[in-house]
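Computed over heavy atoms, backbone and side chain alike; hydrogens, waters and symmetry mates excluded. The chains referred to below are lettered A, B, ... by the order of the sequence lines, with proteins before strands, and numbering in each begins at 1.
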There are 2 protein chains.
Amino acid sequence: MKPTIKDVAKRANVSIATVSRILNHTSVGYSAKTEKLVKGAVEELGYRPNAVARGLINNKTQTIGVLFPDVSGMLTSELLYGVEEVAHRLGHSVIFCNTSSSGKKTLDYLQLLSEKRVEGVIFGSSLLTEEYYNAITAMNVPTVLVSTKSQKHSLPYVKVDDKDAAYAATAYLIQKGHRRIAMLSGSPDDSVAGQPRIDGYKQALLDHGLNGEGSFVFTADGFSYEDGRALFTQLYDAGRDITAVFAASDEMAVGALSTAYQMNIRIPDELSIIGYDNLKISEMAIPPLTTVEQPLRDMGKKAAELLFEGMETGMLGKSIIMPHRIIERQSVKQLV
Amino acid sequence: MKPTIKDVAKRANVSIATVSRILNHTSVGYSAKTEKLVKGAVEELGYRPNAVARGLINNKTQTIGVLFPDVSGMLTSELLYGVEEVAHRLGHSVIFCNTSSSGKKTLDYLQLLSEKRVEGVIFGSSLLTEEYYNAITAMNVPTVLVSTKSQKHSLPYVKVDDKDAAYAATAYLIQKGHRRIAMLSGSPDDSVAGQPRIDGYKQALLDHGLNGEGSFVFTADGFSYEDGRALFTQLYDAGRDITAVFAASDEMAVGALSTAYQMNIRIPDELSIIGYDNLKISEMAIPPLTTVEQPLRDMGKKAAELLFEGMETGMLGKSIIMPHRIIERQSVKQLV
DNA sequence: TTGAAAGCGATACCAT
DNA sequence: ATGGTATCGCTTTCAA
């Protein structure tokens, strides 16, 4: 078995209380001599304090839980990396929970995290149902949302303003001379990443006097590559006379790109496409995809910082709207 | 504060021992009446057993640690998802550790995991240095490697046979009629994903009597998109008369694809490309990338299964070589 | 400066 | 069927 504080005490011929004091550099009360003695014993035994026992007495586990659906691995892994970075910097570990977008698994995990006495949780990138919310409040632990938000409940969130970002993407297209612009969207039932982006798109059209001329939105259940392909096909089957499309995710945009390629539609010469997210794939696409960036890693970091602040002060701060911006690459053509 | 077993006992007018028995459905000794009583108290109080206290007495934390460098987020996140899936199925949580390919951070994490008393660790996708190995053995906890291996040490690993897989990729190209084949490789100093793949490539050439004709390997430090771009540029600057290239990773292959596109080289008409990994991006590429698949998610699952088996039996099983296979898409042309 | 002892929240053995 | 209690490894008064 692993050596315990007792073993160290025995070996150094002191009490466990002394060992504890020295290991926690607390209460200046001990001689340099005993310190050396104890440190030596620790070294020889390869002693590592048991964080479980510590956690029990301090009621602090130095652990947070992070829940993500694995929808787009690329999107959530960026968020995760951001969270992990600051958690580690602050001496905490993160328990990674992949909810697989399953209600049962999410609830399971929430319960587990509660039992494990995590000190905070980050819930990301998926809708917060009433059930989840109840489970979370039952845990009685600071919680912050990232890349999602809740209408009804007042959990702080860190996200981009989806409507604004979609507006910006659409306005960018308009500014480039496009008038007939279609949108490839997720579900309008998705009140976080669905409808708001549609709203932003329509608003931009409206504000530029384009409402009558062309508002074509095609919706899918999700935001995947396959959804992008399917929607793009629909768009062409519908015979819309379009010069640009705004895709609600980079994956969808790439799906559109691929489908266009197979249809021999040249991007951006015959059709312009703008994406959303700025995932790594967007710069790897052919042509490199113009897109609106969500600073995902930063969002993960901010969410974690907000959480830790809340854990310390006992009071969660305000939600944070992260800035989005257009990343200009080569999938959008300037119309004369 | 959260209710403890004492609170439940008090509320139900029984001893904590009884509560414990009932909550663990152990030792059939208790009446249905008290059971109902206790369950009721649990419900009313919203009691959740404290896993920390449990962990202390059982010396079992039901958690494992997973260490990955974040090099290629897409690759490691697949592995992670695989690991998480079986860990969750078996009632364990996973502490996610992103080493950022930093020695210090890796060692830090190993220490932390040791203190947190994780019951096992999975170390993935990066070289196992002597230092890491020592830290791991000091933890005295079952460990399995995934997508990497150690020459010197006998830790079990789960991976594809890199040489075989590279051989297969190259042989596939040859079978398609190619004779002058270049390779875009990671570092030859990388004894896991570097040299073995080069060896496989060369061996395939040799076995098909192509050694003199054309063996052109270009090496970079890593396996990134940017590395792929740089290497592809080098390849063309070198003026090699080539008909196909084998890239040691999908990211590199996509880098090559993009660069070729910019150079107006048509893939696969003028040049064939085969990748390695079968990441999601390979099917999203234009044209869809033919590649050799590593079953990443399965590798994560297998590694976890191997680990849990080892944790139960106290004896780690044998390493597992996972099957690779060629995924035929559209980046390789049949030469007449 | 140091040690003894009381907990932290559970489990499990020994009684009853 | 149920309760009392020692114990897990550590931190933290309280005394000495």
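A close approach under 4.0 Å does not occur between any side-chain nitrogen or oxygen of Arg21(A) and OP1 or OP2 of dT11(D). OP1 or OP2 of dT11(D) sits under 4.0 Å from a side-chain N or O of Arg54(A). For dC8(C), one of the phosphate oxygens OP1 or OP2 lies less than 4.0 angstrom from a side-chain nitrogen or oxygen of Lys6(B). Between Ser31(A) and the phosphate of dT1(C), there is no side-chain N or O to OP1/OP2 separation shorter than 4.0 Å. Using a 4.0 Å cut-off, no side-chain N or O of Asn58(B) falls inside it from OP1 or OP2 of dC8(D). Taking side-chain N and O atoms only, Thr4(B) has no distance below 4.0 Å to OP1 or OP2 of dG9(C). For Thr34(B) and dT2(D), the shortest distance from a side-chain N or O to OP1 or OP2 is below 4.0 Å. Here Tyr47(A) reaches the OP1 or OP2 of dC10(D): one of its side-chain N or O atoms lies under 4.0 Å away. OP1 or OP2 of dG3(C) has at least one side-chain nitrogen or oxygen of Thr18(A) nearer than 4.0 Å.
Summarising the geometry, the separation between CD1 on Ile5(B) and P on dG3(D) is reported as 12 Å, rounded to the nearest angstrom. The CE-P distance, from Met1(A) to dC8(D), rounds to 12 Å in whole Å. Rounding to whole angstrom units, CG of residue Leu37(B) and P of dT2(D) are separated by 10 Å. The distance from atom CD1 of Ile22(B) to atom C1' of dA10(C) is 15 Å, rounded to the nearest whole Å. Regarding Lys33(A), its NZ atom lies at a distance of 8 Å from the P atom of dT2(C), rounded to whole Å. Taking atom CG of Leu23(B) as the reference point, atom P of dA12(C) lies 13 Å away to the nearest angstrom. Separating the CD1 atom of Ile16(A) from the P atom of dT13(D) is a distance of 15 Å, rounded to the nearest angstrom. Distance CD1 (Ile57(A)) to C1' (dA6(C)): 9 Å, rounded to an integer number of Å.
Of the options Asp70(A), Asn98(A), Thr76(A), a side chain to side chain donor-acceptor pair (under 3.5 Å) to Tyr81(B) is made by Thr76(A) and by none of the others.
For the pair Pro49(B) and Ile5(B), the minimum side-chain heavy-atom distance is 4.5 Å or more. The shortest distance between side-chain heavy atoms of Leu112(A) and Ser93(B) falls below 4.5 Å.
Counting non-hydrogen atoms under 4.0 angstrom, Asn59(B) reaches nothing in the nucleic acid. The residue Ser20(A) sits close to a base: some heavy atom pair falls under 4.0 Å. Counting any heavy atom pair closer than 4.0 Å across all strands shown, Val14(A) reaches sugar-phosphate atoms only and no base atom. Using a 4.0 Å heavy-atom cutoff across all strands shown, Val52(B) reaches no nucleic acid atom at all.
Aromatic ring pairs are classed by plane angle as parallel below 30°, tilted from 30° to 60° and perpendicular above 60°; the pair His153(B) and Tyr133(B) is parallel.
Between the side chains of Thr63(A) and Lys116(B), a donor-acceptor pair is found at a separation under 3.5 Å.
More than 12 non-hydrogen atoms from other residues, nucleotides or ligands lie less than 6.0 angstrom from CD of Gln151(A).
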